[in-house]
Novice: 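Below is the structure I would like to discuss, written out as structure tokens.
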Amino acid sequence: MIDRHESQQSLVIGLYGKWGEGKTSVMNFIKAELSVDTIVVNFNPWLFSDQGHLIQAFFNSIAFGLKKSIIHTKEKAGKILSDYGSAIGAISKAAGISLDGISLFGDKLKDVSIEKLKERVDKIINESGKRIVVFIDDIDRLDVVEIQYIFKLVKLVGDFPKTAYVLAFDDEMVAMALAPKYGNQDKVNGYLFLEKIIQVPLKIPKATRKALRQYTIDLIDKVFQDYQVRINEKEMASFMSSFEDCFVPHIDNPRLGIRYANTLSFALPLLMGEVHIADLMLVEGVKVFFPEAYDFLRVNSSLFLTDTSKGGSMYNKDLTKDEIKKQLDQFLTIYPEKTRKPLLNLLQELFPQVFFVYRNYMIGDNAWQEWYQTKRIASGKYFNRYFSYVVQEGDISDVYFNQLLTDLEDSTDEVTNDVGELFKTIEASDIIFKLRLWEDQLTASQSKSLSMILVKHAKQLPIEPREFRSYTTHAEAAKMVAHLSLNISSTERLDFMLKLLAACDNIPFAIEIDYWLFYKNEKAEEKIFNEEETIRVHEYLIEKLKAEIDAYSVFDILPDMELWRVFLWWRTSDGKGLDELVDKELEKGVLAAINFIKVFTPTITSYGNKGHETFKSGFVESNFNAMCEILNTTKIYEILVKADFEHLAVTYEKNSGQNPLTDSELTGIFLDMYEKHLKDK
């Protein structure tokens, strides 16, 4: 139709459709089919602020097309048309579309009237043998006055030969906008005015739900291809289930499918390898189709997460199940009934904790580990990453972390240094926590490399003031080294462990490793070392400790709570050497004697109104007997008696472990027990 248009009057085609129904796409299809000689002018009226600018921009757009496409004319068509547009714009600003008062507007109009300018433009277009097609999209984005003016512009001053206009808009909205001016507020009369302007009205057919679904899936496939996204079948099946139930019913026009694909194009490259892909696609879908739910989710993480980094109950510790359910139900009332159920099902897919709240389905105690390993949004460690689109400062990039695990296969000094740098920028506890989740999946070479790296960085592993020392970062790292040894063949294990301990220049960490190798492995089905190998490891550690004692007191090297075990090994492997150590320390006097008693006295940690408090208490008969079996308690007794320590009476309640004991009280208990022991003999 456009290619056959030879009239001296313009052809006006209207593409009618609601927002997102594909008007712009149809315009692009039309452009693609036009002959190569056609001058295409794209005009966006909503970019301009007033009527004067609108008219000038309109004619300048056409002039730009003419200057580029009509090159064999004696006159510069673009300059003439630009002058024409400027004149019309100036007149419109002062007096509407009327031509009255034309002589007021400068040299451009001094000798040539607007009619003459238009005649010259018409002649240039006719002589060029080319057609002009002006595409105007998004007319329904304009305000009422601007909509009225666009149609006046096209009809009255844009009527050029061999020129076609393709106008895209929501006909209902535009008819309502035209009604006040041309239809006495009656939308029907607005449509009647449209009929006078639009010669070829084309209603965009509404796409079927099936077509829109496939169109969106094709767009998602293209995003996957563009960014080389990989997703396994299980994750894709999970995503498609929620996509079908929750998103597809709301895709009622192509634009929504495009918006969803666009948001994936933004998010996926930023978070590739850093999050669970299926979860990210669902969260981005919530943002597009349910923006209120997205905002609610983003700012109410406490309703969806538990304290999963340390285990615990399957719902928020500060809120009961009923309270969480009440808040979620109340929020969901903003949606119609048919939307609530699929949206709630989607939230349950993303957050097993919500599934537990609504269905009382028990979740395994270690489920949080899987959420963390797979980077699920349900993990408190990953939740914020889905909304910030970055790995925040102080967090570990999973892309970097996965590369680090790969590099461990062939460990080098560079990898060791990389881990050292990592400890400087990331909390050591977070690094160890993340590594521990993968410890049973590493190869023997990776396990050896990682163990060696940890002992070399042992001084960077803090012992936090916690109620349970077994969960400090220092202890967790030692625990991991012990567990990693199970990934090494039994024939290599002992030699590697001795090599590892030789490389460890931090005695407390070496002793902590021993603790998890042996004392915490007694009930394990698979023993890490047999009895003979255990003795070898202990003897090696004793020799390593002796070398340190030459320069320092044993009480300066290890905390007293560790020394009980060390003294026990020492007594078994080298009793004479242990006696020599005790004699050497006791030469320092009463404080050394008290330190030996403290080794066998439980360390209590209390959390109360006064805050964190650590003290000694609970030195009972079994502690005294263990001390007698390992140390020469007679020498300790003699030093204390010689110092004339007062025997302070201490009640059972005082020594029950609930109250701190002073050095004098603890010494008095020891002296009483020793003297009672002598009498019993």
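Predicted model, so just to flag it, every value in this text is computed and none were measured. Computed from heavy atoms alone, side chains included, the values below leave out hydrogens, waters and symmetry copies.
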Novice: Which heavy atom in V286 sits nearest to a heavy atom in Y294, and how many Å separate them?
Specialist: CG1-N, 3.6 Å
Novice: Can you see which heavy atom on A478 is nearest to which on E512, and at what distance?
Specialist: CB-CG, 3.3 Å
Novice: Whether K375 and E274 form a salt bridge (side-chain N of Lys/Arg under 4.0 Å from carboxylate O of Asp/Glu) is what I want to check.
Specialist: no
Novice: What orientation do H474 and F509 show, parallel under 30°, tilted 30 to 60°, or perpendicular over 60°?
Specialist: perpendicular
Novice: Measure the acute angle between the ring planes of F304 and F351, then classify it against the limits of 30° and 60° as parallel, tilted or perpendicular.
Specialist: tilted
Novice: Passes side-chain hydrogen bond (donor to acceptor under 3.5 Å, both in side chains), S429 versus E464? Steps please.
Specialist: CA-CA 10 Å; S429 58; E464 298 90 346; 4.8 Å; no
Novice: For the residue pair Y674 and Y637, does the interplanar ring angle fall in the parallel (under 30°), tilted (30 to 60°) or perpendicular (over 60°) class?
Specialist: parallel
Novice: Going by the rule ring-ring contact (aromatic ring centres under 6.0 Å, His included), which residues pair with Y386 if we only count those two or more places apart in sequence or in a different chain?
Specialist: none
Novice: Give the minimum heavy-atom separation between S447 and N487, together with the two atoms involved.
Specialist: OG-ND2, 2.9 Å
Novice: List the atom pairs, with distances to 0.1 Å, where a side-chain N or O of residues 559-567 and a protein N or O form a donor-acceptor pair under 3.5 Å, not counting sequence neighbours.
Specialist:
{"residue": "D560", "atom": "OD1", "partner": "K616", "partner atom": "NZ", "Å": "2.8"}
{"residue": "E562", "atom": "OE1", "partner": "R565", "partner atom": "NH2", "Å": "2.3"}

Novice: On the ring face of Y471, is K479 found with NZ or CZ under 6.0 Å from the centre and within 45° of the axis?
Specialist: yes
Novice: Ring-plane angle category for W438 and F401, please: parallel below 30°, perpendicular beyond 60°, tilted otherwise.
Specialist: tilted
Novice: Under 3.5 Å, is there a donor-acceptor pair linking the side chains of D514 and H538?
Specialist: yes
Novice: Kindly confirm or rule out a cation-pi arrangement of K381 over F433, judged by NZ or CZ under 6.0 Å from the six-membered ring centre and within 45° of its axis?
Specialist: yes
Novice: If you apply the rule side-chain hydrogen bond (donor to acceptor under 3.5 Å, both in side chains), what do you find for E409 with S445, and how did you get there?
Specialist: CA-CA 6 Å; E409 194 67 49; S445 56; 2.3 Å; yes
Novice: Not counting sequence neighbours, list each pair that qualifies as a salt bridge (Lys or Arg N to Asp or Glu O under 4.0 Å) and has a residue in residues 627-638.
Specialist: D583-K635
